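Lettering of chains follows the sequences in order, A, B, ..., and the numbering in each one begins at 1. Note that this is a predicted model, so its numbers are computed, not measured.
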Number of protein chains: 2
Amino acid sequence: MQNSFTEENYLKIIHALSGREGLEVSTNALAESTSTRAASVTDMLRKLAEKGLIHYKKYQGVRLTESGEKVAINVIRKHRLWEVFLVEKLGFGWDEVHDIAEELEHIPSDHLVERLDSFLGHPRFDPHGDPIPDAKGNLTEPDYLILTDVEIGEKVRMMGVLDHAPSFLQHLDRAGITLGCTLEIKEINEYDKSASVQIEDKQTLFISLEVSKNLLVQRR
Amino acid sequence: MQNSFTEENYLKIIHALSGREGLEVSTNALAESTSTRAASVTDMLRKLAEKGLIHYKKYQGVRLTESGEKVAINVIRKHRLWEVFLVEKLGFGWDEVHDIAEELEHIPSDHLVERLDSFLGHPRFDPHGDPIPDAKGNLTEPDYLILTDVEIGEKVRMMGVLDHAPSFLQHLDRAGITLGCTLEIKEINEYDKSASVQIEDKQTLFISLEVSKNLLVQRR
DNA sequence: AAAAAAATTTAGATTAACCTAAAAATTGAT
DNA sequence: ATCAATTTTTAGGTTAATCTAAATTTTTTT
Ligand SMILES: [Mn+2]
Ligand SMILES: [Mn+2]
Ligand SMILES: [Mn+2]
Ligand SMILES: [Mn+2]
């Protein structure tokens, strides 16, 4: 039996919320992320458990089974490949692609995904810096740091974002902060923890703590 | 309110069945084409009528309203553009793309369709020779002839197919009959109405009446 | 113009994915 | 360890899209 659109969304969200350690995910957290009520989540969990896609015992939270993990990673692979397509081939901005990819990720042909992957040149990362699982389902999260963990004086390379909201991405565009650019922390303001950051050895500007918390970077 | 996947399929099928004269379509014909039962069709017709997408009076068959026609043509536009993408960019065969396009045609972003159209270079026809409606919803069916209407000795160009079944398309591939190729009717067999046809001034082969009935061609 | 056949609609159910309100289980705070 | 707060589940409903079986309308044949 095929998994529905809705089931795939649940699996993807369970994957995201359980993090790399595969922690248990709570009913309420899922209700929040799926924009449904806890009672509806319970219904769906029973169904997913019956299909062998999650481990579920009442009141104990859920984890993906191997088979559920496989489905989730495949959906993530499709989501991220389609985002690359939209940005690289169709010229969309990185702030415009999430909702469209949210639909495209449920198109079911394996043949399609593999051809799309070739057409795009087997990209390793999506337009937000997130890694793209390979055809076998291997997904390795690179361990970047968050900008708030960088010391004054350090030069880092911008590698990804934690928040994918269009408004955040547009804010970065206006500041000239793009994937791969160089950032150097000049100073950190005691009062509000905002940072003065030099971008690409050019202009220096203030970055709020809110923004710093959502920027993934790499030492260099 | 948005139209569901199912509603879009009904509208597209009503469009196809009512032909260019916009004839009434019967409940049974729709049940056949949608692979559902007549009772289910009746339910859906009531809904589509309430939304103003079809003209419907009990026992009288249906026609699309202007608004329904617009939706149907937009779905057809998306279907055919995605088919061009799959063949031209991803390298699929013309026999492989229909089912995938059947899913992609329901992805809702207008912005996406217009960018896809540009990316593909505003193609006028899909891989099966079917015309692609423009962004304003204009769809002009070229008036091709069916191969059975061509006289002995005439040279024609192959412009499209009436049957889109993979098995038929593969049969044409094996015979070397592709879109745009030249065909000359050498003779017609009295017994079974099969035709001897010369393809691209090269090999001559027999084509059954069944095949001839599904080939659209143009005099030249 | 009946009667028979065919097409269509209505009636009454089912399934997936949701909901609200109430009950039960777990957690956490004294 | 007990009680209150929080979380989760159960109970009972709704809506969209389907179904079968029965009723009704239209069409065709005699
Ligand atoms: Mn996204
Ligand atoms: Mn992304
Ligand atoms: Mn098709
Ligand atoms: Mn086509």
Side-chain angles (χ1 to χ4, degrees), chain A residues 1-15 17-19 23-64 68 71-72 75 102-103 105-108, chain B residues 1-15 17-19 23-64 68 71-72 75 102-103 105-108:
Chain A
M1 218 182 306
Q2 266 276 118
N3 304 304
S4 73
F5 190 106
T6 310
E7 288 166 346
E8 288 190 348
N9 281 331
Y10 268 86
L11 295 172
K12 197 178 59 153
I13 291 170
I14 294 168
H15 178 91
L17 293 179
S18 66
L23 297 174
E24 322 261 75
V25 177
S26 75
T27 299
N28 268 353
L30 283 167
E32 167 83 36
S33 289
T34 55
S35 303
T36 62
R37 298 317 184 107
S40 310
V41 172
T42 301
D43 284 350
M44 181 56 77
L45 294 184
R46 192 175 306 104
K47 180 150 65 121
L48 293 174
E50 242 154 52
K51 290 179 101 176
L53 296 165
I54 59 174
H55 295 291
Y56 171 57
K57 281 208 236 68
K58 282 203 278 191
Y59 296 100
Q60 311 249 133
V62 283
R63 281 177 306 109
L64 295 175
V71 175
V75 176
E102 211 53 47
E103 311 268 341
E105 72 189 3
H106 304 291
I107 303 286
Chain B
M1 215 183 311
Q2 266 274 115
N3 304 303
S4 73
F5 189 105
T6 310
E7 287 165 348
E8 288 190 349
N9 281 331
Y10 268 87
L11 296 173
K12 196 178 58 151
I13 290 170
I14 294 168
H15 179 91
L17 294 178
S18 67
L23 297 173
E24 323 260 77
V25 177
S26 75
T27 299
N28 267 353
L30 283 167
E32 167 85 37
S33 289
T34 55
S35 303
T36 62
R37 298 317 185 107
S40 310
V41 172
T42 301
D43 283 349
M44 180 58 76
L45 295 183
R46 191 175 307 104
K47 179 148 68 119
L48 292 173
E50 243 153 52
K51 290 179 99 176
L53 295 165
I54 59 174
H55 295 291
Y56 171 57
K57 281 209 237 65
K58 281 203 279 191
Y59 296 100
Q60 314 248 134
V62 283
R63 280 177 306 109
L64 295 175
V71 175
V75 176
E102 211 53 47
E103 311 269 341
E105 72 189 5
H106 303 291
I107 303 285

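Within the 4.0 Å cut-off from OP1 or OP2 of D:dT6, not a single side-chain nitrogen or oxygen of A:N28 is found. At C:dA16, none of the side-chain N or O atoms of A:S4 fall inside 4.0 Å of OP1 or OP2 (strictly under the cut-off). Contact check, A:R46 against D:dT10: a side-chain N or O comes under 4.0 Å of OP1 or OP2. Note on B:R37: a side-chain N or O is less than 4.0 Å away from OP1 or OP2 of D:dT20. Under 4.0 angstrom from either OP1 or OP2 of C:dC19 there lies at least one side-chain N or O belonging to A:S40.
A straight line from CD of B:E7 to P of D:dA16 spans 9 Å, rounded to a whole angstrom. The nearest whole Å value for the distance from the NZ atom in A:K58 to the P atom in C:dA24 is 12 Å. When the C1' atom of C:dT26 is taken as reference, atom NZ of A:K57 falls 15 Å away, rounded to whole Å. Going from atom CD of B:E8 over to atom P of D:dA16 covers 16 Å, rounded to whole Å. Atom CG in B:L45 sits roughly 16 Å away from atom P in D:dA16 (whole-Å rounding). With rounding to whole Å, B:D43 atom CG is found 9 Å from C:dT10 atom C1'. Straight-line distance from the CE atom of A:M44 to the C1' atom of D:dT10: 17 Å, rounded to whole Å. Atom-to-atom, CD of A:E24 to P of D:dT8 comes out at 11 Å; the value is rounded to the nearest Å.
Nucleic acid contact class of A:T36 (heavy atoms, under 4.0 Å, all strands): sugar-phosphate only. Counting any heavy atom pair closer than 4.0 Å across all strands shown, B:T27 reaches sugar-phosphate atoms only and no base atom. Using a 4.0 Å heavy-atom criterion, one finds that B:Y56 contacts the sugar-phosphate atoms exclusively.
Looking only at side-chain heavy atoms (C-beta outward), B:I14 and B:L53 stay at 4.5 Å or farther from each other. A 4.5 Å side-chain heavy-atom check between A:V62 and A:Y10 finds every atom pair outside the cut-off. Annotation: side chain of A:K12 is in contact with side chain of A:E102 (closest heavy-atom distance under 4.5 Å).
Comparing A:A39 and B:A39 against DNA chain C, the residue whose closest nucleotide sits nearer the 5' end is B:A39.
In the set D:dT10, C:dT10, D:dT18, the nucleotide with an atom closest to the side chain of B:Y10 is D:dT18. Of the candidates C:dA24, C:dC18, C:dT9, the closest approach to any side-chain atom of B:Y59 belongs to C:dT9.
Between B:I54 and B:A49, the shortest heavy-atom contact is CG1-N, 3.5 Å. In terms of heavy atoms, B:E7 sits closest to B:K51 at OE1-NZ, 2.8 Å.
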